[in-house]
Amino acid sequence: MRTRKLPPVGWIGAGRMGFEMAARLAKGGADVLVWNRTREKAAPLQKHGAKVADQLTDLASREIVFCMVSTWKDVKEVVQKLLASNEKPKLLIECSSISLEGSAELRQLLDAKKIQYLAAPVSGNAKVIKAGKLSFVCSGPKKAYERARPLLNLIGINSSYVGEGELSRIVKICHNVFLGVVTQSLAEITVLAQKAGVPRHAFLDFLNQSVMGSTFSRYKTPAFVNLDFKVTFTPHLLRKDMDLGLDAGRRFEVPMPLAAATRDLIQSMIGQGWTEQDFATLLLQQAEASGLKLKPENVEVGDGLS
Ligand SMILES: NC(=O)c1ccc[n+]([C@@H]2O[C@H](COP(=O)([O-])OP(=O)(O)OC[C@H]3O[C@@H](n4cnc5c(N)ncnc54)[C@H](OP(=O)(O)O)[C@@H]3O)[C@@H](O)[C@H]2O)c1
């Protein structure tokens, strides 16, 4: 029954996030046509019932098109290619983490073609998506949000509508500045506790049960304890978001001393060539700066997700 009511969907971008989001949509019964620049990355989505397009323009006839790529430059590039088609979707839902200015420029591009636009960045990594716990923050016309909502509900656990225009972009930027600062702070206190003699798993066990523990501190615990830094989010993407935060701080004249210091600590990680692992390698950098050589503790710890 539900499948018949869902509109046909086009999906741009099958990276770490886009892949899992499209998979949930397809598994939920939506008719999804996916395009990814590197086609083979999208191919496994076929086992969930999605179709894979050869051309980006094949998605233009879909009623709703999602976009999940990297930066504003990339969003602009794919949307311009999509708009080169004779057909056009009715609604574009853009989920990448981009600037307020980029989002406003995108709205102008789409308005000119009479395509509705919902800015819908997300909170959560690929594992969070798989666990069904992704959340969206949305802005744009309320009607666009209502139209998108059944699909957003299939992908994640929550969507918050925060108002017109690009407001969701500033919410997401604030969220990721917090992510960077909290991760650096967690690295500092974990290294401090360890250097004073407390094993990381014991320290984090206490922290996670305390009022300061969070979904985030719990799901980063396995990485911190056992030093598994398989990428969930790259240092480059986090630096992009810290820069977006500092740009917004300048624009609105808000001092952000903690964000500025954290941004530079991420920069030093990138400068050292630590770019291919998860951004949680901030822990390793902090340990190095403290004269501590970390080893995996090889203790089984939960991530609070499964
Ligand atoms: N990872 C997280 O935890 C997380 C959480 C929340 C939000 N985000 C945001 O979500 C977005 C995606 O992140 P991700 O971790 O999924 O990144 P990712 O794994 O690097 O995937 C990026 C995707 O964008 C595509 N892409 C990039 N530039 C392109 C271009 N110029 N033309 C066409 N396709 C292009 C890539 O295609 P190819 O496969 O061909 O490279 C890939 O599908 C980013 O804006 C990020 O800040 C990430």
Side-chain angles (χ1 to χ4, degrees), residues 13 15-18 21 66-76 78-79 92-110 117-126 128-129 133-140 144-145 148 152 155-156 158-186 214-216 220 231-267 269-270 278-280 282:
R16 266 178 287 275
M17 298 293 288
M21 291 166 79
F66 280 83
C67 177
M68 187 55 154
V69 289
S70 297
T71 64
W72 160 234
K73 184 181 134 293
D74 306 313
V75 171
K76 190 172 182 178
V78 293
V79 171
L92 187 114
I93 305 173
E94 209 303 303
C95 302
S96 324
S97 305
I98 61 171
S99 62
L100 290 157
E101 294 78 5
S103 193
E105 193 179 331
L106 179 59
R107 195 170 296 283
Q108 277 180 356
L109 273 175
L110 295 168
Y117 167 43
L118 189 70
V122 299
S123 169
N125 62 28
V128 172
I129 303 170
K133 294 187 173 160
L134 188 77
S135 46
F136 290 89
V137 55
C138 304
S139 62
Y145 173 62
L152 305 183
I155 302 170
N158 180 56
S159 60
S160 305
Y161 177 75
V162 292
E164 293 289 329
E166 318 322 320
L167 290 177
S168 62
R169 300 297 183 182
I170 193 69
V171 175
K172 172 61 187 172
I173 290 168
C174 292
H175 171 284
N176 270 30
V177 166
F178 192 45
L179 170 72
V181 170
V182 164
T183 306
Q184 173 59 26
S185 177
L186 196 62
S214 65
T215 304
F216 178 72
K220 274 297 171 210
V231 172
T232 64
F233 189 45
T234 63
H236 274 121
L237 286 178
L238 181 59
R239 181 182 61 182
K240 164 195 64 125
D241 292 344
M242 299 305 289
D243 283 337
L244 290 174
L246 293 171
D247 283 349
R250 264 190 296 280
R251 177 169 161 191
F252 293 102
E253 300 297 359
V254 174
M256 302 183 71
L258 297 180
T262 305
R263 188 261 175 219
D264 272 5
L265 287 160
I266 298 162
Q267 178 70 71
M269 234 174 23
I270 293 173
D278 194 59
F279 71 102
L282 278 168

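Predicted, not measured: the structure shown is a model, and the values here were computed from it. The chain is numbered in sequence order, starting from 1.
- Not a single donor-acceptor pair under 3.5 Å links the side chain of Y145 to the backbone N or O of G163.
- Under the rule for a side-chain contact (heavy atoms from CB on, under 4.5 Å), the partners of S135 that lie at least two apart in sequence or sit in another chain are S123, N158.
- The main-chain N or O of I98 is never found under 3.5 Å from a side-chain atom of S96 such that the two would form a donor-acceptor pair.
- Residues passing the side-chain contact (heavy atoms from CB on, under 4.5 Å) test with L167, sequence neighbours excluded: S139, V162.
- The closest side-chain heavy-atom distance from M242 to V181 is below 4.5 Å.
- L246 contributes atom CG, which lies 8.5 Å from atom CG of D264 (distance to the nearest 0.5 angstrom).
- We find that D243 and K240 are not joined by a salt bridge, their nearest charged nitrogen and carboxylate oxygen being 4.0 Å or further apart.
- The two atoms that bring M21 and C95 nearest to each other are CE-SG, 4.1 Å, heavy atoms only.
- The backbone N or O of L238 sits nowhere less than 3.5 Å from a side-chain atom of D241 that would complete a donor-acceptor pair.
- Partners of F136 according to the ring-ring contact (aromatic ring centres under 6.0 Å, His included) rule, which considers only residues two or more places apart in sequence or in another chain, do not exist here.
- Within the structure, salt bridge (charged side-chain N to carboxylate O under 4.0 Å, His left out) pairs that include any residue of residues 172-186 do not occur (at least two apart or interchain).
- What you find for P255 and P257 is that their closest heavy atoms are C-CD, 3.5 Å.
- Atoms CE and CD1, from M68 and I93 in turn, are 12.5 Å apart once rounded to the nearest 0.5 Å.
- Under the 4.0 Å criterion applied to side-chain N and carboxylate O atoms, R169 and E94 are assigned as salt-bridge partners.
- Partners of T234 according to the side-chain hydrogen bond (donor to acceptor under 3.5 Å, both in side chains) rule, which considers only residues two or more places apart in sequence or in another chain, do not exist here.
- For F279, the ring-ring contact (aromatic ring centres under 6.0 Å, His included) criterion is met by F233, not counting sequence neighbours.
- Between S97 and I173 there is no side-chain heavy-atom pair separated by less than 4.5 Å.
- The two residues G180 and L282 come nearest to each other via the heavy atoms O-CD1, 4.5 Å.
- Expressed to the nearest 0.5 Å, how far SG of C174 lies from CG of L244 amounts to 11.0 Å.
- A donor-acceptor pair under 3.5 Å is absent between the side-chain atoms of N176 and the main chain of L179, judged by distance alone.
- Taking all atoms of both residues into account, the shortest heavy-atom contact from A126 to M17 is N-SD, 3.8 Å.
- Listed by first and then second residue, the salt bridge (charged side-chain N to carboxylate O under 4.0 Å, His left out) pairs involving residues 174-184 amount to none (not counting sequence neighbours).
- Distance CH2/W72 to OG/S103: 8.0 Å, rounded to 0.5 Å.
- Listed by chain and residue number, nothing satisfies the side-chain hydrogen bond (donor to acceptor under 3.5 Å, both in side chains) test with S70 (two or more places apart in sequence, or in another chain).
- In this structure, R16 has no side-chain hydrogen bond (donor to acceptor under 3.5 Å, both in side chains) partners at least two apart in sequence or on a different chain.
- With sequence neighbours left out, the side-chain contact (heavy atoms from CB on, under 4.5 Å) criterion links L110 to V79, L83, L92, L106, I115, Y117.
- The shortest side-chain heavy-atom distance between R251 and E101 falls under the 4.5 Å cut-off.
- Rounded to the nearest 0.5 Å, atoms CG (L265) and CD (Q184) are 4.5 Å apart.
- In this structure, CG on L152 lies 5.0 Å from SG on C138, to the nearest 0.5 angstrom.
- Among residue pairs with one or both ends in residues 174-184, none qualify as salt bridge (charged side-chain N to carboxylate O under 4.0 Å, His left out); sequence neighbours excluded.
- Under the 4.5 Å side-chain criterion, counting only non-hydrogen atoms from C-beta, V78 is in contact with C67.
- Applying the side-chain hydrogen bond (donor to acceptor under 3.5 Å, both in side chains) criterion to T215, with sequence neighbours excluded, gives no partner residue.
- Of all heavy-atom pairs spanning S168 and P121, the tightest one is OG-CD, 3.5 Å.
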